[in-house]
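Some notes on the structure that comes next.
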Amino acid sequence: QVQLVESGGGLVQAGGTLRLSCAASGLTFSSYTMGWFHQAPGKEREFVAALTWSGLTTYYADSVEGRFTISRDNAKNKVYLEMTSLKPEDTAVYYCAANRYGPPSSRDEYEYWGQGTQVTVSS
């Protein structure tokens, strides 16, 4: 019954801004670290950002630090990814994921995944 549903993807020009949302249901949301990953065509799924259950500690991939911001609203069971200064290399399918116990940047530690939302950044 656990569901993670992403939204907010789309087409944006380089330098633009996009905000992704993830709505969670069927789990005790506040007990989970929430993360964002992306996967470009022909590449493996990669870590982008994560936020612990308390909202106190954030983690970012080097490629997005300073441009992306992860946040969560435990009352609404939602996690967000604000993406600014977007680059063509950010183009990928972005996935929301939930991690109860493992390291926040480790893909294999996440228990639940959303279906993904496409982000395309044009030159």
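All of these numbers come straight from a predicted model, not from anything done at the bench.
- Residues forming a salt bridge (Lys or Arg N to Asp or Glu O under 4.0 Å) with Glu89 (at least two apart in sequence, or on another chain): none.
- Going from atom CG of Leu18 over to atom CE of Met83 covers 4.0 Å, rounded to the nearest 0.5 Å.
- Counting only residues at least two apart or on different chains, the salt bridge (Lys or Arg N to Asp or Glu O under 4.0 Å) pairs with a member in residues 45-72 are Arg67-Asp90.
- Hydrophobic clustering (ILVMFWY, side-chain heavy atoms < 4.5 Å, transitive): Val93 and Trp113 are in one cluster.
- Applying the salt bridge (Lys or Arg N to Asp or Glu O under 4.0 Å) rule to pairs touching residues 9-22 yields Arg19-Glu82, sequence neighbours excluded.
- Within the 4.5 Å cutoff, no side-chain heavy atoms of Asn74 are placed close to those of Tyr32.
- The two residues Trp36 and Ser21 make their nearest non-hydrogen contact at CH2-O, 3.7 Å.
- Within the 3.5 Å criterion, the main-chain N or O of Thr17 finds no donor-acceptor partner in the side chain of Thr84.
- Atom OG1 of Thr58 is separated from atom CZ of Phe68 by 14.0 Å, given to the nearest 0.5 angstrom.
- Ala98 approaches Met34 most closely through the heavy-atom pair CB-SD, 3.8 Å.
- Nearest approach of Ala40 to Ala92, heavy atoms of both residues: N-CB, 3.8 Å.
- Listed by chain and number, the residues in a side chain to side chain contact (heavy atoms under 4.5 Å, CB included) with Ala50 are Thr33, Phe47, Tyr59, Pro104, Tyr110 (sequence neighbours excluded).
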Which pairs would a plain distance check flag for residues 1-13, meaning a side-chain donor or acceptor within less than 3.5 Å of a matching protein atom at least two apart in sequence or in another chain?
unit_1 : atom_1 : unit_2 : atom_2 : d
Glu6   : OE1    : Gln115 : N      : 3.0
Glu6   : OE1    : Gln115 : NE2    : 3.2
Glu6   : OE1    : Gly116 : N      : 2.9
Glu6   : OE2    : Cys96  : N      : 2.7
Glu6   : OE2    : Gly116 : N      : 3.2

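- Phe37 and Leu81 sit in two unconnected hydrophobic clusters of ILVMFWY residues. Membership requires side-chain heavy atoms under 4.5 Å apart, directly or through other members.
- To the nearest 0.5 Å, the span separating CG on Leu20 from CD1 on Ile70 amounts to 10.5 Å.
- For Thr28, the side chain to side chain contact (heavy atoms under 4.5 Å, CB included) criterion is met by Ser30, Ser31, not counting sequence neighbours.
- Applying the ring-ring contact (aromatic ring centres under 6.0 Å, His included) definition to pairs two or more places apart or across chains, those involving residues 79-108 are His38-Tyr94.
- Residues forming a side chain to side chain donor-acceptor pair (under 3.5 Å) with Thr120 (at least two apart in sequence, or on another chain): Gln118.
- Applying the side chain to side chain contact (heavy atoms under 4.5 Å, CB included) test to Ser54 and every residue at least two apart in sequence or in another chain returns Thr52, Leu56.
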